[in-house]
Visitor: 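Please read through the structure below; I'll follow up with questions.
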Amino acid sequence: MKIAFVGKGGSGKTTLSSLFIRHLASTGAPVIAVDADINQHLGPALGLDETEAAELPALGARLPLIKDYLRGSNPRIASADTMIKTTPPGEGSRLLRVREANPVFDACARPVELDDATVRLMVTGPFTEADLGVACYHSKTGAVELCLNHLVDGRDEYAVVDMTAGSDSFASGMFTRFDMTFLVAEPTKKGVSVYRQYKEYARDFGVSLAVVGNKVQGRDDIDFLREQVGDDLLVTVGHSDWVRAMEKGRPPRFELLEEENRRSLQTLQAAVDGSYERRDWERYTSQMVHFHLKNAQSWGNERTGADLAAQVDPSFVLHERMTATA
């Protein structure tokens, strides 16, 4: 199951995504965690020190390896150089699975120990001084989108992505790649502004969106959020001494997280697991193709010198029952 955490900067989405990752790991489920935010804070939120976080391999820097592996023997893709972030899989493409070992995960994922469990963490890499004025951050998140396009995940398998803040994720089709999107909102007007943008942009794409109210201090905050987002408000999270200790670099064992906040995380998982029956792989694949054709026409064909529409395999539908190398 693919899950995104979105929200405005400072809303607490990275903290909540890290708590959810810890919760899933504590159940014994396999988890891939992905930091796709321009501010790379998910590693430290999962307990890495600054040196360890800085040494994580950046997905963007390994894009040639990712493309070459995923291309496989797909005859519609002339070379890895012609693959862009939206290139869809087809007959002969190599696919990724949450539980497997493969060259992409070997090169780009690192194990992170969380109490008695381990998750695999992947990061886009930071936006560096060398990128200023010459690069767009979406060129880095493109590696995440390409991997999600080739990921075949099943029930009780989880890929959790901490997305870039605000509505920037709508600059590509990546917002349609998830079974569930959790929008973290504070009980303020600014806090719910991103919700309105997301709701409007996602309206025509069947995106499952639920609001997580964060930094809630009382009934008035809950009433405000309910007034602003209605039934999209799934759960609220309040003050946490456990989180405060984690932010100081001294997290207790996760089992000591406050019971109320543990119940909130269980509610999030129930929402994710409940979305499994609504999975529509044909729609998922058609949306993938839709955004690929848009990108091909707007910049991809010119950038690569190829007709990228020819990469689309009209008879191919991604599905979890496929083998890892289709």
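What you see is a predicted model; the values in this text were computed from it and never measured.
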Visitor: When Ser18 is tested against each of Leu46, Val243, Asp162 for side-chain contact (heavy atoms from CB on, under 4.5 Å), which residue passes?
Guide: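 Result: among Leu46, Val243, Asp162, Leu46 is the only option passing the side-chain contact (heavy atoms from CB on, under 4.5 Å) with Ser18.
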Visitor: Taking Asp179 for the side chain and Lys2 for the main chain, is one N or O donor matched with an acceptor at less than 3.5 Å?
Guide: yes
Visitor: Between Gln217 and His239, do the side chains contain a donor N or O and an acceptor N or O under 3.5 Å apart?
Guide: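 Their side chains do not contain a donor-acceptor pair, so the 3.5 Å distance test is not met.
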Visitor: Between Asp313 and Ser315, does any side-chain donor sit less than 3.5 Å from a side-chain acceptor?
Guide: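 Looking only at side-chain atoms, Ser315 and Asp313 do form a donor-acceptor pair, the distance falling under 3.5 Å.
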Visitor: Hey, does Leu121 have a side-chain heavy atom less than 4.5 Å from the side chain of Ile32?
Guide: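 With C-beta onward as the side chain, the pair stays apart.
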Visitor: Between Asp232 and Tyr195, is there a side-chain donor-acceptor contact under 3.5 Å, judged purely by atom types and distance?
Guide: yes
Visitor: Answer yes or no: is there a donor N or O on one side and an acceptor on the other, between the side chain of Arg94 and the main chain of Tyr69, under 3.5 Å?
Guide: yes
Visitor: If we ignore hydrogens and angles and just use 3.5 Å, is the side chain of Thr188 paired with the main-chain N or O of Gly191 as donor and acceptor?
Guide: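 Looks like yes, one N/O pair under 3.5 Å.
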Visitor: Do the side-chain N and O atoms of Glu255 and Ser26 include a donor-acceptor pair separated by under 3.5 angstrom?
Guide: no
Visitor: Would you call Asp81 and Lys67 a salt bridge, taking side-chain N to carboxylate O under 4.0 Å as the test?
Guide: no
Visitor: Output yes when a side-chain donor or acceptor of Thr304 lies under 3.5 Å from a complementary backbone atom of Gly300, and no otherwise.
Guide: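 Pair found, side chain donor or acceptor close to backbone of Gly300.
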Visitor: Would you call Arg99-Glu157 a salt bridge at under 4.0 Å N-O?
Guide: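 Answer for the salt bridge query: yes.
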Visitor: Within 45 degrees of the ring normal and closer than 6.0 Å to the centroid, is that where the cationic atom of Arg279 sits relative to Tyr284?
Guide: no
Visitor: Output yes when a side-chain donor or acceptor of Arg22 lies under 3.5 Å from a complementary backbone atom of Phe254, and no otherwise.
Guide: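 Judged by distance alone, no pair lies under 3.5 Å.
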Visitor: Just by distance, do the side chain of Gln40 and the backbone of Asp37 share a donor-acceptor pair under 3.5 Å?
Guide: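 Looks like yes, one N/O pair under 3.5 Å.
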Visitor: Is there side-chain contact between Asn149 and Phe291, with at least one heavy-atom pair below 4.5 Å?
Guide: no
Visitor: Run the salt-bridge test on Arg263 and Glu260 with the 4.0 Å N-O cut-off and return the result as yes or no.
Guide: no
Visitor: Below 30° counts as parallel, above 60° as perpendicular, anything between as tilted: where do the rings of Phe205 and Phe175 land?
Guide: perpendicular
Visitor: Mark yes or no for whether His292, through its side chain, and Leu308, through its backbone, hold a donor-acceptor pair below 3.5 Å.
Guide: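 Yes; judged by distance alone, with no hydrogens or angles, the pair exists.
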Visitor: Do Arg203 side-chain atoms and Tyr198 backbone N/O form a donor-acceptor pair below 3.5 Å?
Guide: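 No: the side chain of Arg203 does not pair with the backbone of Tyr198.
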Visitor: Looking only at side chains, do Ser11 and Glu186 share a donor and an acceptor under 3.5 Å apart?
Guide: no
Visitor: Could you check whether any side-chain N or O of Arg97 sits under 3.5 Å from a backbone N or O of Val152, counting only pairs where one atom can act as donor and the other as acceptor?
Guide: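 Yes: the side chain of Arg97 pairs with the backbone of Val152.
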Visitor: Would you check if Lys85 and Asn295 make a side-chain contact, meaning some heavy-atom pair closer than 4.5 Å?
Guide: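 Lys85 vs Asn295: side chains touch.
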Visitor: Would a line drawn from the ring center of Tyr158 to the ring center of Phe20 be shorter than 6.0 Å?
Guide: no
Visitor: For Asp49, does its backbone N or O pair with a side-chain atom of Glu52 as donor and acceptor, under 3.5 Å?
Guide: yes
